[in-house]
Amino acid sequence: PLVSVGNLREGCHGIFPDDLSVISFEKKDCSRWFCPPHTTIDQDVSQMAAGAMSILRQVIDRRPGKLLQKLLPCHLVVRDSVRILDNSSL
């Protein structure tokens, strides 16, 4: 992702966010320093790690019948890399 951010920073001045919106999954603290600051989808990494460990334990213990998927909450952190559309343009 950082390579693509560098390319965007050098070659795409003036198109953000009017012509192109960018939303990323990078760590939210780092994304604010990009140019333009990226809108991110924030996820709780500790919840993700705990869920992954739980699933891994199920696989190792060969416990059948358990669903090997877990949905975690997330939220959108809006910054300068997206344009907010009004309802009239939809």
Side-chain angles (χ1 to χ4, degrees):
L2 292 178
V3 172
S4 64
V5 169
N7 291 339
L8 291 174
R9 177 183 231 174
E10 293 303 316
C12 298
H13 287 291
I15 68 167
F16 294 108
D18 294 329
D19 297 323
L20 178 67
S21 290
V22 175
I23 300 174
S24 62
F25 284 93
E26 279 85 30
K27 187 174 178 181
K28 67 178 180 176
D29 296 333
C30 296
S31 296
R32 67 183 165 161
W33 298 109
F34 294 159
C35 181
H38 278 190
T39 296
T40 57
I41 297 174
D42 184 30
Q43 300 170 324
D44 186 335
V45 176
S46 61
Q47 277 187 332
M48 226 185 296
M53 289 304 299
S54 174
I55 291 171
L56 182 59
R57 279 191 227 110
Q58 289 176 22
V59 171
I60 291 171
D61 295 343
R62 298 178 190 235
R63 285 186 264 157
K66 293 280 185 172
L67 179 64
L68 296 179
Q69 179 180 7
K70 185 168 185 164
L71 298 177
L72 299 175
C74 62
H75 72 278
L76 189 64
V77 179
V78 178
R79 294 197 181 90
D80 295 339
S81 67
V82 296
R83 177 175 57 130
I84 306 300
L85 300 175
D86 60 26
N87 288 335
S88 64
S89 64
L90 296 179

Query raised in the report: Excluding sequence neighbours, so at least two apart, what forms side-chain contact (heavy atoms from CB on, under 4.5 Å) with Leu72?
Result: Gln47, Met48, Lys70

Report task. Please lay out, stage by stage, how Val77 and Thr39 fare under the test side-chain contact (heavy atoms from CB on, under 4.5 Å). Result -> CA-CA 6 Å; Val77 179; Thr39 296; 5.9 Å; no

Report summary line: Residues passing the side chain to side chain donor-acceptor pair (under 3.5 Å) test with Asp44, sequence neighbours excluded, are Ser46

**Report entry** For Leu71, the rest of its hydrophobic cluster, which grows through side-chain links under 4.5 angstrom
**Finding:** none

Report task. Show your reasoning for whether side-chain contact (heavy atoms from CB on, under 4.5 Å) applies to Leu76 and Asp42. Result -> CA-CA 6 Å; Leu76 189 64; Asp42 184 30; over 6 Å; no

Query raised in the report: Does Pro17 reach the side chain of Ser81, with side-chain heavy atoms less than 4.5 Å apart?
Result: no

Requested in this report: Considering non-hydrogen atoms only, spot the tightest contact between Cys74 and Gln43 and give its length.
Outcome: CB-CG, 3.9 Å

Requested in this report: Would you check if Ile84 and Val78 make a side-chain contact, meaning some heavy-atom pair closer than 4.5 Å?
Outcome: yes

**Report entry** Shared-cluster residues of Val45, by chain and number - hydrophobic side chains joined below 4.5 Å
**Finding:** none

Requested in this report: Measure across Ser24 and His38 and return the closest heavy-atom pair with its distance rounded to 0.1 Å.
Outcome: OG-ND1, 3.5 Å

**Report entry** Inter-residue atom distance His75.NE2 - Ile41.CD1, 0.5 Å rounding
**Finding:** 11.0 Å

